[in-house]
Amino acid sequence: MYELSVVVFILLSLILYALLGGADFGGGMWDLLACGPRAERQRKAIAAAISPIWEANHVWLILVIVLLFTAFPPAFAALVTALHIPITLMLGGIVLRGSAFIFRKYDFQSEKVRHRWGAVFGVACFFTPFSEGMVLGALSTERIRYADGQVTTGFFAGWLTPFAFACGVFALVVCAFLAAIYLALYTQAEPDLQNDFRRRALGSGLALVPATLVVFLTAEAGAPGVIHAMTHDGWPMLVACGISGCAVAAWVALWRRWFAFARLAAVAQVALILTGWALAQYPHVITPDVTFHTSAAPEATLRLLTFALCAGAVLLLPALIFLYRLFSLPEKP
Amino acid sequence: MSLGFHIVFAALGIAMPVLMCVAEALHLRTGRAVYLDLAMRWARGTAILFAVGAVSGTVLSFELGLLWPGFMKEAGALIGMPFSLEGFAFFSEAIFLGVYLYGWKRISPFMHWLSGGVLALSGILSGVFVVTANAWMNAPAGFKRVGDKFTEIDPIAAMLNAASFHEVLHMTLAAFVAAGFAVAGVHAFFLLRNRSSEFHRAALGIALILACVSAPLQIVSGDFSARSVAKLQPAKLAAMEAHYRTEEGAPLFVGGIPNDELKTIDYAVRIPKGLSFLATHDPEARIVGLEEFPRADWPNVRIVHWAFDLMVLCGMALLGLSAWTGWRWWRKQALPEGTWLLRALVLASPMGFVALEAGWVVTEVGRQPWIIQGIMRTKEAVTPMQHIVVPFIAFTLLYFFLAVIVILLLRRQFLESSHV
């Protein structure tokens, strides 16, 4: 019981990280890709939207990690051993993203230096979610094997497969899509900027179609378990239908300029994608050898952790909502 | 390595919000603009430090597993708890830092100050949680060891282990001392250049109060820590003091070059019965020497001994400086700004961090070869990854680069403020 509740908390944190932290990365991508006559204004709006909240958004990832290593220590150990290389690369991206962003903000030296930091920030924003998608994808590939408390397949299994790459690309496009929708809402006081971000959202929404197709095509060979569950089991199949529905709804809403509704649909879409994947994957952490059941920490730890999570949620959620409400729109001049 | 980098930011992250809050409270009470300016400028510095601290902290949470998967697999259930709680504390830090940095115009001044207070409190709490996890590695508790498995796990008992209290106290005070003197030194430097600056004078005053109150407390807590270590980890204490042979009325050696082969120490200053007195407050007490432990269980005596002496040296120097400052302050009934005192403060500004790092070396290297004292050796815990040197060097270079940038940026922030 407690085991399942911790798993649910991990999934929720992962979804929130994708929705919030992912959008921050997407913002960085649009920063790098900013173009046209309003490029500087786009960058300004992105920076203003991200600045107050990106650190809080980033904590969701830390939460996923500490929950995993507290509640399922052997699974965590196996995961970081097998995926040592992509995780290290991802961490490099995380460090550069955060540092470059803050350096750009406070480095008044010259425009040139600031542009250089901006470029580092933007590139790191592409690189990090790509490697994160790759790591998540690798968990489903069934290439990482584990026996007698050891990873037996070395350091290159799983994450170098076409499926993992497809997941990385998919994660990129999702981040860009979310960010563009959020930004369109954020810039509602400036219609020209809002139009820019709407166009970007529509474009990345379209790009999701081939990205999804590639994930499914590579999954045939790359992640047979997940694809089987998605197309045969009741729940994952239902979720898959829900995802498509939300995707279409989000795109149409954007087209009709119902921005708030578009955001809702996009959020639901991304949440469902991760939920569907988790349902297809459960109870495995790393298919096919590592499950939550076999790696769970003792009952005492799980029980205490569940209580701590509930208490933490009660204390922190109001603070988080306060934070997002406070900064949901740009400061009035 | 990452820890050595992160610890500086963590310490500043604990102490800077306290300084900001004091400055803002003074502004709210006195209405003087200089305090508000100070709070805002310190906040900008904190923003830079916090961002780098946050990302380096993320790297750490992964590195526990990347470097020591064997350790995490066994001990995760026991020490994950403080890390999870730290996650919450860090969450609240990140939320309220956002509110604090960007909410100047969006919420009322009192609410703003309050969010600073929550920020400072969560900073201290997250430090506390992380240190309890480290303390557990020094004094493992909350489980039964059957074969090579942990059973009957009690995460709360693990958090409240015998080393927690003294480590938490020592580390929190260390953060205040180090950050207090570092900040004081910076402002003293600018005051030396421009004596009339109201801004730097206000800043120096606040930083000095924090530093000079914490420094004597820190010495007391250090004494308490030493006695706890004598009880919990006699091998570590023996290495700290380069104490090879078990004796009653053991002398204290300061400095010198420990010689593992001959079990002697060359060129050291010898204080008769000093060690017995320090470790137990009884000059005749029997102190266990390293010779009682198998050679394979010795830490690197030279490193531990030198690091320990360096830490104590810095601590004592800062204590002396606090006493000097306090005395001048009391005599003048005003902020002391004698040229020599300001120069000394400038000189002393890195000392707190030197002591902090040295102390970290003592507690970590002093525990070797164990990763969990008496239970698991470090080599059983490390990753099977062969080319671990590569990411290690890459991250070291990256951190070095970041440190340089941070220092340059902070310098520029301060240079700008020097015109005020």
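Below, chains carry the letters A, B, ... as their sequence lines are ordered, and counting in each starts from 1.
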Is A:L315 close to B:F88 at the side-chain level, that is, under 4.5 Å between some pair of heavy atoms?
no
Identify the two heavy atoms, one from B:G98 and one from A:F327, that lie closest to each other, and give their separation to 0.1 Å.
O-CZ, 3.5 Å
Is there a side-chain contact between A:L323 and B:F96 in this structure, where contact means two heavy atoms from C-beta onward sitting under 4.5 Å apart?
no
Over all atoms of both residues, closest heavy-atom pair of A:W54 and B:A51
CZ2-CB, 3.9 Å
Just wondering, do B:V55 and A:F101 contact through their side chains at under 4.5 Å, heavy atoms?
no
Value for CZ (B:R106) from CZ (A:R325), rounded to nearest 0.5 Å, stands at 13.0 Å
Does atom CH2 (B:W113) have a neighbourhood of more than 12 heavy atoms from anything else shown, all under 6.0 Å?
no
Which of the residues A:A308, A:A48, A:G98 is involved in the greatest number of heavy-atom pairs with chain B at under 4.5 angstrom?
A:A308
Check whether A:L309 gets within reach of chain B through its side chain, its backbone, both or neither, counting any heavy atom under 4.5 Å.
both
Exercise: identify the closest heavy-atom pair between A:A56 and B:F91:
O-CE2, 3.4 Å
Honestly, the part of A:I87 sitting under 4.5 Å from a heavy atom of chain B is side chain
Where does A:F69 contact chain B at under 4.5 Å (heavy atoms): side chain, backbone, both or neither?
both
Heavy-atom pair of closest approach, residues B:S84 and A:L305:
OG-CD1, 3.5 Å
For residues B:F83 and A:I65, determine if any side-chain heavy atom of one lies less than 4.5 Å from a side-chain heavy atom of the other.
no
Search all heavy atoms of B:A94 against all heavy atoms of A:V59 and return the closest pair with its distance.
CB-CG2, 3.9 Å
d(B:I95 CD1, A:N57 CG) to nearest 0.5 Å is 9.5 Å
Of all of A:I62, A:I94, A:L326, which one pairs up most often with chain B through heavy atoms under 4.5 Å apart?
A:L326
Rounding to 0.5 Å, atoms NZ (A:K105) and CG (B:L101) come to a distance of 8.5 Å
Check whether any side-chain heavy atom of A:L63 lies under 4.5 Å from a side-chain heavy atom of B:F90, and answer yes or no.
no
Which pair of non-hydrogen atoms, one from B:S92 and one from A:L316, has the smallest distance, and what is that distance?
CB-CD2, 3.6 Å
